[in-house]
Amino acid sequence: MMLKQRPQVASAGQSRRATRSCSRVVCSAQTTMSGEVTIRRRPPHGLETQPCGPHAFRVGGLPDENKPQNILEEIVWWKAREVEVMRDKQPLALLQGLAKKMDPPRDFRAAIAAKAKETGRPGLIAEVKKASPSKGVIQPDFDPVRIAKSYEAGGAACLSVLTDEKFFQGSFQNLTKIRAAGVTCPLLCKEFIVEAYQVFKARASGADAILLIAAVLPNADLAYFMKAAQNLGMTCLIEVHTEGELARVLELPDVEKHLLGINNRDLGTFKVDLNVTKRIMDSEWGQQVKERGIIMVGESGIFTPEDVAFVQQAGCGAILVGESIVKQGDIVAGVKALLA
């Protein structure tokens with residue numbers, strides 16, 4: 001399938017509405033339960049610094065609203081520049097060709113369902129993660145292949161591999177290394193996707209699934225990226241933070257073929273609260289998730305078997321865990337203990 005590169009926002013009208021809305025409020029998950037996109041895709045008044053060969057021109061006096069309102073917004077704004085650099089080095093047409101030559105993707109959703117049925121516990125998506133913006137370096141002795149193999153040996157159903165370089169010290173090369181090392185668990189590309197280019201980059205690097213964040217992407221973009229992923233044989237993990245976001249993504253076509261996730265981390269404060277999962281799953285939309293047989297993934301704040309039991313009782317059939325096990329000396333034992 002040949003996809004033309006899509007604009008970063010679904011339409012000019014949506015962009016204008018988002019800009020007008022975000023100029024009035026602080027854009028974080030705390031500001032709205034409506035389900036609307038709460039992360040601006042670019043500075044509303046443009047970039048302060050514009051590169052021009054060996055020179056850089058700086059525009060001063062821009063209002064405070066032109067600064068990122070939270071870390072996710074900062075990541076997304078940087079990602080737009082990062083994608084441009086990647087595209088210059090590796091054009092989209094080349095990536096599409098590389099993606100077609102890859103072995104067929106592994107079934108990410110089926111692997112989680114099978115592991116949950118086998119163990120009676122939520123299927124574990126274990127995260128290969130070196131650092132985070134809030135905690136800094138989590139695993140100084142970072143070897144992505146060693147960590148991935150340890151996760152697999154411990155009983156993880158799937159793996160999540162951080163590919164963001166600036167904020168998480170990850171890379172697409174880590175995906176490639178893990179797949180080349182013979183790890184059989186399906187791999188999720190944990191990237192902050194804002195363009196179709198990144199979907200093809202994920203597949204060409206060996207990913208079987210991608211992450212899509214509802215706070216960043218309107219449904220038009222979510223549907224577009226889901227279709228691109230499906231045409232490549234990949235699964236999507238669509239992440240929500242509020243009941244409103246969940247209500248919105250449940251309107252997406254064929255969403256049952258993918259996974260949904262609830263991130264317990266507040267986008268603005270980075271505070272983690274497991275009760276977010278319970279509150280959302282107890283809502284009418286959470287009940288709809290259960291009735292429609294959609295696998296829900298509990299994300300962030302899961303450190304103990306009691307935490308696992310809590311989100312499982314709330315209705316999660318899978319969990320995504322990184323920090324609590326990746327920093328342990330014996331990762332195999334850490335995985336087994338978490339799922340005990």
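Position 1 is the first residue of the sequence; numbering continues from there. The shown structure was predicted, so the numbers you read here are calculated from the model rather than taken from an experiment.
Without hydrogens or angle criteria, Tyr151 side chain to Cys185 main chain gives no donor-acceptor distance under 3.5 Å. When atom types are taken as modelled, the side chain of Ser324 and the backbone of Ile302 share a donor-acceptor pair closer than 3.5 angstrom. In this structure a side-chain-to-backbone donor-acceptor pair under 3.5 Å is present from Gln312 to Gly120. Between the side chain of Asp221 and the main chain of Val194, no donor-acceptor pair closer than 3.5 Å is present. Panel note: side chain Arg265, backbone Ser300; no donor-acceptor pair is recorded below 3.5 Å. Remark: side-chain polar atoms of Glu74 are not paired, donor with acceptor, to backbone N or O of Pro68 under 3.5 angstrom.
Annotation: the span from Glu239 atom CD to Leu217 atom CG amounts to 11.0 Å, rounded to 0.5 Å. One finds the CD atom of Glu256 at 9.5 Å from the NE2 atom of His258 (value rounded to the nearest 0.5 Å). Taking CG from Leu246 and CE from Met281, the interatomic distance works out to 7.5 Å, rounded to the nearest 0.5 Å. Glu299 CD to Leu274 CG: the interatomic distance, rounded to the nearest 0.5 Å, is 12.0 Å. Taking CZ of Phe200 as the start and CG of Leu92 as the end, the distance is 6.0 Å to the nearest 0.5 Å. Lys135 contributes atom NZ, which lies 8.0 Å from atom NZ of Lys129 (distance to the nearest 0.5 angstrom).
The two atoms that bring Leu338 and Val308 nearest to each other are O-CG2, 3.7 Å, heavy atoms only. When all heavy atoms of Arg121 and Ala340 are compared, the closest pair comes out as NH2-O, 3.5 Å. Of all non-hydrogen atoms in Ala156 and Lys115, the two that sit nearest each other are O-CE, 4.1 Å. The two residues Val37 and Pro218 come nearest to each other via the heavy atoms CG2-N, 3.3 Å. The shortest non-hydrogen separation linking Val240 to Ala214 is CG1-CB, 4.2 Å. Of all the heavy atoms in Ala110 and Asp107, the pair that sits closest is N-OD1, 3.0 Å.
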Exercise for the section: Go through the steps for Arg279 and Glu243 under the test salt bridge (charged side-chain N to carboxylate O under 4.0 Å, His left out), then give the verdict. Expected result: CA-CA 8 Å; Arg279 187 192 74 222; Glu243 293 92 330; 2.8 Å; yes

Handout entry: side-chain contact (heavy atoms from CB on, under 4.5 Å) evaluation trace for Leu188 with Cys158
Key = CA-CA 8 Å; Leu188 170 77; Cys158 300; over 6 Å; no

Practice task
Evaluate the side-chain contact (heavy atoms from CB on, under 4.5 Å) criterion for residues Thr119 and Leu339: first the C-alpha distance (whole Å), next the side-chain angles of each, then the deciding distance (0.1 Å), finally the verdict.
Solution key: CA-CA 9 Å; Thr119 64; Leu339 299 176; over 6 Å; no

Practice task
May I have the step-by-step check of side-chain contact (heavy atoms from CB on, under 4.5 Å) for Leu175 and Cys189, ending in yes or no?
Solution key: CA-CA 7 Å; Leu175 261 176; Cys189 176; 3.9 Å; yes

Practice task
Step by step, work out the side-chain contact (heavy atoms from CB on, under 4.5 Å) result for Glu245 and Thr38.
Solution key: CA-CA 10 Å; Glu245 288 178 357; Thr38 53; 4.2 Å; yes

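Between Lys149 and Glu152 there is no salt bridge, since none of the side-chain N atoms of the basic residue sits less than 4.0 Å from a carboxylate O of the acidic one. Salt bridge present: Arg179 and Asp208 bring a charged side-chain N and a carboxylate O closer than 4.0 Å. A salt bridge links Glu84 and Arg87; the closest N-O separation between the charged side-chain nitrogens and carboxylate oxygens is under 4.0 Å. Glu191 has no carboxylate O lying under 4.0 Å from a charged side-chain N of Lys201, or vice versa, which leaves the two without a salt bridge. For the pair Lys190 and Glu127, the salt-bridge criterion is met [side-chain N within less than 4.0 Å of a carboxylate O]. The residues Lys67 and Glu73 are annotated as not salt-bridged, no charged nitrogen and carboxylate oxygen being separated by less than 4.0 angstrom.
Both Ile295 and Leu252 are assigned to one and the same hydrophobic cluster, defined by single-linkage of ILVMFWY side chains at heavy-atom distances under 4.5 Å. Taking hydrophobic clusters as Ile, Leu, Val, Met, Phe, Trp and Tyr residues chained together by side-chain heavy-atom distances below 4.5 Å, Val332 does not share a cluster with Phe142. Under a hydrophobic-cluster definition in which Ile, Leu, Val, Met, Phe, Trp and Tyr are linked whenever side-chain heavy atoms come within less than 4.5 Å, directly or via other members, Tyr197 and Met102 are assigned to different clusters. Placement of Val272 and Leu211 in two distinct hydrophobic clusters is found when ILVMFWY residues are connected by side-chain heavy-atom separations under 4.5 Å, directly or transitively.
In this structure, the side chains of Ile294 and Leu250 come closer than 4.5 Å at one or more pairs of heavy atoms. Within the 4.5 Å cutoff, the side chain of Gln198 has no heavy atoms near those of the Ile210 side chain. Annotation: side chain of Asp141 is in contact with side chain of Arg146 (closest heavy-atom distance under 4.5 Å). Between Gln169 and Leu162, the closest side-chain pair of non-hydrogen atoms is not below 4.5 Å. By the 4.5 Å heavy-atom criterion applied to side chains, Val161 and Pro144 are not counted as neighbours. Contact of the Leu212 side chain with the Met226 side chain is registered, since non-hydrogen atoms from C-beta on lie closer than 4.5 Å. In this structure, the side chains of Leu232 and Val199 come closer than 4.5 Å at one or more pairs of heavy atoms. By the 4.5 Å heavy-atom criterion applied to side chains, Phe310 and Asn275 are counted as neighbours.
Partner of Val128 under the side-chain contact (heavy atoms from CB on, under 4.5 Å) criterion, out of Ile178, Val145, Val183, Thr163: Ile178 alone. Exactly one residue among Glu284, Arg292, Lys290 makes a side chain to side chain donor-acceptor pair (under 3.5 Å) with Gln288. That residue is Arg292. Residue Phe192 forms a ring-ring contact (aromatic ring centres under 6.0 Å, His included) with just one option from Phe167, Trp77, Trp78, Phe168, and that option is Phe168.
For Gln287, the CD atom sits in a packed shell: over 12 heavy atoms of surrounding residues, nucleotides or ligands are nearer than 6.0 Å. Environment of NZ in Lys79: crowded, with over 12 heavy atoms of neighbouring residues, nucleotides or ligands closer than 6.0 Å.
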